[in-house]
2 protein chains.
Amino acid sequence: MNQIVNLKSLKTTCQACSLSELCLPRSLDDSEMVRLDDIVQRKRPIKKGEFLFQVGQPFRSLYAVRSGSVKVFLPTPSGEEQIVGFHMPGELLGLDAMEHDTHSCSAVALETTTVCELPYQNMQELCHQIPGLNHQFMSLVSKEIGSEHEMLLMLGKKMADVRLAAFLLNLSCRFRTRGFSPNEFNLSMSRHDIANYLGLAVETVSRLFTRFQEDGILEVHRRLVTIRDMSKLVALAEYAGINCQHIKDMISDS
Amino acid sequence: MNQIVNLKSLKTTCQACSLSELCLPRSLDDSEMVRLDDIVQRKRPIKKGEFLFQVGQPFRSLYAVRSGSVKVFLPTPSGEEQIVGFHMPGELLGLDAMEHDTHSCSAVALETTTVCELPYQNMQELCHQIPGLNHQFMSLVSKEIGSEHEMLLMLGKKMADVRLAAFLLNLSCRFRTRGFSPNEFNLSMSRHDIANYLGLAVETVSRLFTRFQEDGILEVHRRLVTIRDMSKLVALAEYAGINCQHIKDMISDS
DNA sequence: CGGGCCCCTTGATCGGGATCAACGCCCGAG
DNA sequence: CTCGGGCGTTGATCCCGATCAAGGGGCCCG
């Protein structure tokens, strides 16, 4: 009896999910959402360090992060890795695997994480039946491509401090969108991961955090980051050519 | 009368197109291909330096390169640009615009180029009617994401010589796939563009071309590149963690 | 055919960030 | 509690590739 209650609480529906505005259900009506809900498999939480999938595995499902966070990376033969993204609740993973029906990158949880599994076969069928779902899916895919373009710009042209500033600002925005404070948040990834993602050495990232603190931009304690001067951070990141208008609007609103 | 003949010759069909195996028509049957053909608008050739679309323009169509080549780039407020890709015949452009119905990057012809325009609205409808088309479309999108992941790896971790080697090898493969010589080809982009794309300075690229010649890897005359020692090139590029197995197979075949 | 511009190359110097090295701190395990 | 190890910081040095500078050569234009 008790167990049934637990199962029910685990089996949150898309309708009840606070992320539905960010995720696939966006702009679906109630009946459509129920049908999406039917194919979604909500898995037991995965622990920090566990793989969601690994490069080379057959591709069966896409995954949407429900809580926690995930890093996605390309392992190289030499044992290094290149992190290509960090994923937060409401974001989709596994899009790169549709080409060869094989995962071309690996995904590992950065903390205890829950995901919704979307069997691709079923997703295709449902996208076929619900044009709005297909549209939202394409939109998320397109967003992924766009954000990778921005990343190419960072890695190709920008100084180390600009990269870190843009990274922090990006996180800040994503936290805000999810209802968390944009000014104070915990990094779920290590300095090593940040450095790897930004194409820098760990030492450089560490030194930059120190410098940003000295400049009064941040306050940092271990992985807790507090943004003290958003406008300075924006000024730095604007060199990245990233459009920060919405952040400026936010600042002037408050 | 004469004009009619010219129009007909311009109006190549998907069925007759030598690129159909690379492009969207892949795995469609004849009747399906005719329907795809109906929505494809074949435009007059665009000249070197002309824009196919520009950042900020409303998104109406995807484009498939038919002949020639195109560079795609993000312009920054400061007037620089970051090239995010070069596109060859059979490849799709404009995928990043589906998110906001606005182009988030610009595309310009590197030489006289012809493209097939695919009005997105019609594409969506046709994808809905032809599952095979939808699948091939998703596959091409996925491929785009995958190749951008590889680019992130290059820019994040690799030495200049490895980047250029991997770039040339990548071109070589794509020429081969299109029925051209993988060992001798003309670069349609300037040194400046190559440097920009690879996150290097023009001078560095130029010096590397010289060094590769001294090492007997290449022969270069202006934009004509001849690969003299494919295995050395592969050895260099393998440091990039790029899978070169198919190239090795090709070498041992010959 | 001649001039100018752009593309490319080559040389010299500089500097941002990688690398090497060492240490402090937090945290979990025993 | 103590020990050990991973994570993060800081300092010193080095090097790859950027930048500055200059010159050559092809191509398009008049």
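Per chain, numbering begins at 1; letters A, B, ... match sequence-line order. For the numbers below, each heavy atom of this structure counts, side chains included, while hydrogens, waters and symmetry mates do not. Worth saying up front: this structure is predicted, and the values here are computed from it rather than measured.
- For the pair A:Leu208 CG and C:dG16 P, the interatomic distance rounds to 12 Å; values are reported in whole Å.
- Residue-level contact check: B:Ala160 touches the backbone only, with heavy atoms under 4.0 Å from sugar-phosphate atoms and none from bases.
- Proximity of A:Thr113 to A:Leu52: side-chain heavy atoms (C-beta onward) are nowhere separated by under 4.5 Å.
- B:Lys157 places its NZ atom 10 Å from the P atom of C:dA18, with the value rounded to the nearest Å.
- Regarding A:Met159, its CE atom lies at a distance of 11 Å from the C1' atom of D:dG17, rounded to whole Å.
- A:Arg163 comes within 4.0 angstrom of nothing in the nucleic acid, heavy atoms only.
- At a cut-off of 3.5 angstrom, the base of D:dT9 holds no donor-acceptor pair with the side chain of A:Arg222.
- Checked against D:dC20, D:dT9, C:dC7, the side chain of B:Glu203 finds its nearest nucleotide in D:dC20.
- Looking only at side-chain heavy atoms (C-beta outward), B:Val55 and B:Cys105 stay at 4.5 Å or farther from each other.
- One can place NZ of B:Lys47 at 15 Å from P of D:dC28, the figure rounded to the nearest angstrom.
- Note on A:Lys158 versus B:Glu80: salt bridge recorded, some NZ/NE/NH1/NH2 to OD/OE distance being below 4.0 Å.
- Mapping B:Val202 and A:Leu200 onto DNA chain C by nearest heavy atom places B:Val202 at the nucleotide closer to the 5' end.
- The NE2 atom of A:His221 sits 14 Å away from the C1' atom of D:dT9 (whole-angstrom rounding).
- Whole-Å rounding puts the A:Leu155 CG to C:dG16 C1' distance at 16 Å.
- Remark: the B:Asp229 side chain and the B:Ser231 side chain contain an N/O donor-acceptor pair separated by less than 3.5 Å.
- OP1 or OP2 of D:dT10 has not a single side-chain nitrogen or oxygen of A:Ser206 nearer than 4.0 Å.
- The side chain of B:Thr210 lies closest to C:dT10, out of D:dT9, D:dC16, C:dT10.
- Rounded to whole angstrom, the span from the CG atom of B:Leu224 across to the P atom of D:dG25 amounts to 19 Å.
- Residue A:His103 forms a ring pair (Phe, Tyr, Trp, His ring centres under 6.0 Å) with just one option from A:Tyr63, A:Phe59, A:Phe73, and that option is A:Phe59.
- Here C:dC27 presents its P atom at 11 Å from CZ of A:Arg223, a figure rounded to the nearest Å.
- For C:dG11, the base has a donor-acceptor partner in the side chain of B:Arg207 [N/O atoms by modelled type, under 3.5 angstrom].
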